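Since the model is a prediction, treat every value here as computed from it, not as a measurement.
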Amino acid sequence: MTSDVPPRFAVFSDIHANLPALRRFLESVDAQACEGLYCLGDIVGYGAHPNECCEIVRERGIPAVMGNHDLVALTLEGADSFNEIARQAVRWTHDRLTPQNRAFLENLPYTMAFGDATFVHASPIEPRNWHYVLNQSAALANFEAFDTWLCFIGHSHQPLVVELEGDRIHCPEGREVALRRDRRYLINVGSIGQPRDRDPDSCYVTIDMESGILKFHRLTYPVEEAGRAIEDAGLPPELAYRLTVGL
Ligand code: ZN
């Protein structure tokens, strides 16, 4: 039997080992009494706190899917496809993951579906090949790869809503979107730990299933603390800098 999503839940992605950002996110969702949290992967990679972030997701029992950085951090297989800075960070992460956290990451599924919602890191088409959904034609093709009302993705670190009406797609804008039952949606929830839409604040979404309201939340968190930890760890300083500008 497939369990359903709760009436009000939050979806977040791409923590990237940013502990100050993850803590701020949890404070925010705990204060709103969300009944469910779903994590779209890339728990590790780039930031200085991979073990702490894995432990929080594990201990809170948050359902999570595999991200490309999580996978590469396990074996370093595929690290050659990363740019130099990401490669340095993933090697650093690989050398530090504890056996328990390695086992946790190894067991993450590539997709999850609960009732009306599918969850995947990059794209419902070939979830193991880490495709980006960056334009309308890519989005249209992806609607054929899931059959739920909603599909949540991360990976690009850029929030986006794509609405399918018949065979036409639109991209509703704004912090709140009223979701309609006669349409379907592909929703990029943005990133908690390394936003890339020129806004350094963490981004996540909440969904109220009764009203159909999807809301993007932005949270200011101690960016300097995350940056200092990156520098103190000997990770590339560019990774600290990009957090301050949201790129
Ligand atoms: Zn990512």
Side-chain angles (χ1 to χ4, degrees), residues 1-17 22 25-26 29 34-45 50 53-74 100-133 138-139 141-162 164 179 181 184-193 202-209 212 214-217:
M1 202 182 84
T2 323
S3 59
D4 211 340
V5 284
R8 189 180 145 74
F9 60 97
V11 191
F12 66 110
S13 191
D14 296 273
I15 303 166
H16 284 293
L22 178 58
F25 161 73
L26 292 170
V29 287
C34 277
E35 288 133 336
L37 303 181
Y38 299 90
C39 171
L40 301 181
D42 276 6
I43 298 168
V44 305
C53 291
C54 284
E55 275 146 27
I56 287 173
V57 176
R58 257 173 57 201
E59 282 162 13
R60 290 186 62 133
I62 298 171
V65 292
M66 177 79 84
N68 53 319
H69 286 257
D70 305 320
L71 181 66
V72 175
L74 287 168
Q100 296 91 321
N101 290 331
R102 293 178 59 83
F104 164 69
L105 292 175
E106 269 162 14
N107 285 306
L108 294 177
Y110 284 82
T111 60
M112 307 183 287
F114 300 102
D116 281 322
T118 299
F119 303 86
V120 60
H121 178 66
S123 73
I125 292 183
E126 302 179 331
R128 291 165 193 255
N129 288 338
W130 319 114
H131 300 296
Y132 284 97
V133 183
N142 269 284
F143 276 101
E144 304 198 356
F146 67 96
D147 52 16
T148 51
W149 181 38
L150 310 175
C151 177
F152 296 93
I153 61 173
H155 194 46
S156 72
H157 302 205
Q158 295 184 346
L160 176 72
V161 179
V162 186
L164 181 71
L179 305 173
R181 277 286 171 181
R184 294 171 66 225
Y185 297 87
L186 188 60
I187 298 157
N188 193 311
V189 303
S191 167
I192 289 291
S202 292
C203 185
Y204 72 96
V205 302
T206 51
I207 294 87
D208 184 310
M209 293 296 275
L214 163 76
K215 188 171 173 192
F216 284 93
H217 302 253

Less than 4.5 Å apart, side chain to side chain, heavy atoms only: is that true for Thr111 and Phe146? no

Roughly how far, to the nearest 0.5 Å, is CZ of Phe114 from CG of Leu150? 14.0 Å

Run the numbers on Ile43 and Leu108 for side-chain contact (heavy atoms from CB on, under 4.5 Å), then give the verdict. CA-CA 11 Å; Ile43 298 168; Leu108 294 177; 4.3 Å; yes

By side-chain contact (heavy atoms from CB on, under 4.5 Å) - contacts of Ala17 (at least two apart): Pro50

What residues, two or more places apart in sequence or in another chain, satisfy ring-ring contact (aromatic ring centres under 6.0 Å, His included) together with Phe104? none

Here the pair of heavy atoms bringing Met209 nearest to Pro6 is CG-O, 3.7 Å

Quick one: SG on Cys53 to CD1 on Ile15, what's the gap to the nearest 0.5 Å? 5.5 Å

Could you tell me which residues satisfy ring-ring contact (aromatic ring centres under 6.0 Å, His included) with Phe216, sequence neighbours excluded, listed by chain and number? none

Applying side-chain contact (heavy atoms from CB on, under 4.5 Å), run through His217 and Phe25 and close with a yes or a no. CA-CA 10 Å; His217 302 253; Phe25 161 73; over 6 Å; no

Kindly give the heavy-atom pair with the smallest separation between Ser13 and Gly41, and that separation in Å. OG-O, 3.8 Å

Could you note down all residue pairs passing salt bridge (charged side-chain N to carboxylate O under 4.0 Å, His left out) where residues 103-114 supplies at least one of them, sequence neighbours left out? none

Supply the atom-to-atom distance Gln158 CD to Tyr132 OH, rounded to the nearest 0.5 angstrom. 9.5 Å

For Ala141, enumerate each residue passing the side-chain contact (heavy atoms from CB on, under 4.5 Å) test, keeping only those at least two apart in sequence or located in another chain. Ile125

Rounded to the nearest 0.5 Å, how far apart are CG of Asp208 and NZ of Lys215? 11.0 Å

Value rounded to 0.5 Å, distance of OH in Tyr110 from CG in Asn129: 9.5 Å

Checking His157 now: which residues fulfil ring-ring contact (aromatic ring centres under 6.0 Å, His included) with it, not counting sequence neighbours? His16

Has the side chain of Glu35 got a donor or acceptor atom that lies under 3.5 Å from a matching backbone atom of Arg8? yes

Take Val65 and Val120 through the side-chain contact (heavy atoms from CB on, under 4.5 Å) test and state the conclusion after the steps. CA-CA 6 Å; Val65 292; Val120 60; 5.5 Å; no

Atom of Cys34, atom of Thr206 and distance for their closest heavy-atom approach: SG-CG2, 3.9 Å

Please indicate whether Glu59 has more than 12 foreign heavy atoms, meaning atoms of other residues, nucleotides or ligands, lying under 6.0 Å from its CD. yes

Checking side-chain contact (heavy atoms from CB on, under 4.5 Å) for the pair Ile62/Phe12: CA distance, chi angles, key distance, verdict? CA-CA 11 Å; Ile62 298 171; Phe12 66 110; 4.0 Å; yes

Quick one: list whatever passes salt bridge (Lys or Arg N to Asp or Glu O under 4.0 Å) with Asp116, sequence neighbours left out. Arg181

How far apart are the closest heavy atoms of Ile153 and Ser123, and which atoms are they? CG2-CA, 4.4 Å

Contacts of type side chain to side chain donor-acceptor pair (under 3.5 Å), residue Tyr38, not counting sequence neighbours: none

For the side chain of Asp14 and the backbone of Ile192, is there at least one donor-acceptor N/O pair under 3.5 Å apart? no

Quick check on side-chain contact (heavy atoms from CB on, under 4.5 Å): which of Leu186, Asn188, Ile187, Asn142 does Cys151 satisfy it with? Leu186

Distance-only, no hydrogens or angles: does the His121 side chain make a donor-acceptor pair with backbone N or O of Leu40 under 3.5 Å? yes

Run the side-chain contact (heavy atoms from CB on, under 4.5 Å) test against Ala122 and tell me which residues pass, sequence neighbours left out. Trp130, His155

Does Asp147 have any side chain to side chain donor-acceptor pair (under 3.5 Å) partners at least two apart in sequence or in another chain, and if so, which? none

SG of Cys39 to CZ of Arg58, rounded to nearest 0.5 Å, is 14.0 Å

List in chain and number order the residues that pass side chain to side chain donor-acceptor pair (under 3.5 Å) with Glu55, two or more places apart in sequence or in another chain; answer none if no residue qualifies. Asn101

Nearest heavy-atom contact between Asp4 and Gly115 is OD1-CA, 3.3 Å

Check whether any side-chain heavy atom of Leu214 lies under 4.5 Å from a side-chain heavy atom of Tyr185, and answer yes or no. no

Tell me, please, which residues at least two apart from Arg184 pass side chain to side chain donor-acceptor pair (under 3.5 Å). none

